[in-house]
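Positions are given from 1 along the sequence.
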Amino acid sequence: MRSIFYILDSAPYGSEKAYGVLNAAAVSIKMDITVGLYADGVYLALEGQESRALGLPNLSDIIYAYPEIRILAHEPSLANRGLMSCSLLERVELVDEDAFMEQIMATDCYIMM
């Protein structure tokens, strides 16, 4: 296996899923790794995350720590949540439905968390 597409569909804070996806991606960096932010997972793409009040690590720090990991945000998910006018993290690529699906289909394996 040479490539993995991790799909995150839940909000970054309030569950362990986002933290788990980013850590799974980080330990897989010898392969071609993409993390796709879908549905509520797109909240992870937003700039200015502040998690100290929650007592949690800032997950955008993990994104910046591993530049080898490609991060895609599903544009329709952002639009459905009224987030199109929000600033995104520099490392996040905004993609439409077709491009998102093409990236999933181009990988050897996809994992939804």
Side-chain angles (χ1 to χ4, degrees):
M1 186 169 17
R2 294 178 305 224
S3 61
I4 301 174
F5 191 103
Y6 291 97
I7 301 170
L8 175 64
D9 68 348
S10 61
Y13 304 101
S15 79
E16 295 284 326
K17 287 184 178 182
Y19 187 74
V21 164
L22 292 174
N23 281 303
V27 299
S28 308
I29 59 174
K30 292 187 183 215
M31 293 182 267
D32 181 22
I33 301 299
T34 303
V35 172
L37 306 177
Y38 183 82
D40 284 346
V42 296
Y43 287 102
L44 183 56
L46 301 180
E47 191 175 73
Q49 297 174 37
E50 183 55 60
S51 62
R52 279 184 265 181
L54 299 171
L56 298 170
N58 189 318
L59 298 180
S60 62
D61 291 344
I62 296 172
I63 290 173
Y64 283 108
Y66 296 97
E68 305 91 345
I69 300 170
R70 186 174 180 201
I71 309 291
L72 304 179
H74 183 249
E75 183 177 21
S77 294
L78 282 162
N80 290 341
R81 286 155 183 79
L83 302 174
M84 290 302 293
S85 63
C86 296
S87 296
L88 302 181
L89 298 171
E90 292 174 4
R91 296 255 354 272
V92 175
E93 298 173 50
L94 187 60
V95 295
D96 64 16
E97 178 74 24
D98 292 337
F100 197 84
M101 291 306 295
E102 285 173 14
Q103 290 299 311
I104 292 172
M105 300 309 291
T107 60
D108 295 327
C109 172
Y110 68 91
I111 300 171
M112 186 167 189
M113 298 180 90

Handout entry: Non-neighbouring partners of Asp40 that pass salt bridge (charged side-chain N to carboxylate O under 4.0 Å, His left out), sequence neighbours left out
Key = Arg81
Exercise for the section: Scan for salt bridge (Lys or Arg N to Asp or Glu O under 4.0 Å) pairs involving residues 18-29, sequence neighbours excluded, and state none if there are none. Expected result: none
Exercise for the section: Any pair with a residue in residues 100-113 that passes salt bridge (Lys or Arg N to Asp or Glu O under 4.0 Å), sequence neighbours left out, goes on the list, sorted by first then second residue, please. Expected result: none
Handout entry: Partners passing side-chain hydrogen bond (donor to acceptor under 3.5 Å, both in side chains) against Glu16 (at least two apart in sequence or in another chain)
Key = none
Practice task
Would you confirm whether Thr34, through its side chain, and Phe5, through its main-chain N or O, come within 3.5 Å as a donor-acceptor pair?
Solution key: no
Problem - Sequence-distant partners of Glu90, salt bridge (charged side-chain N to carboxylate O under 4.0 Å, His left out), two or more places apart - result: none
Completion exercise
Residues pairing under ring pair (Phe, Tyr, Trp, His ring centres under 6.0 Å) where one sits in residues 13-63, two or more places apart or in two chains, turn out to be Tyr38-His74, Tyr38-Phe100
Handout entry: Partners meeting side-chain contact (heavy atoms from CB on, under 4.5 Å) with Met112 (sequence neighbours left out)
Key = Ile7, Asp9
Handout entry: Qualifying residues under side-chain contact (heavy atoms from CB on, under 4.5 Å), relative to Ala73, sequence neighbours excluded
Key = Ala45, Leu78, Val92, Leu94
Practice task
Sequence neighbours left out, what passes side-chain hydrogen bond (donor to acceptor under 3.5 Å, both in side chains) with Arg52? Give chain and number order.
Solution key: Glu50
Exercise for the section: Would you please name every residue forming a side-chain hydrogen bond (donor to acceptor under 3.5 Å, both in side chains) with Asn58, sequence neighbours left out? Expected result: Ser60
Exercise for the section: Using the test side-chain hydrogen bond (donor to acceptor under 3.5 Å, both in side chains), find all partners of Ser28 that sit at least two apart in sequence or belong to another chain. Expected result: Tyr6
Exercise for the section: Name all pairs fulfilling the side chain to side chain donor-acceptor pair (under 3.5 Å) condition that reach into residues 63-73, sequence neighbours left out, sorted by first residue then second. Expected result: Arg70-Glu93, Arg70-Gln103
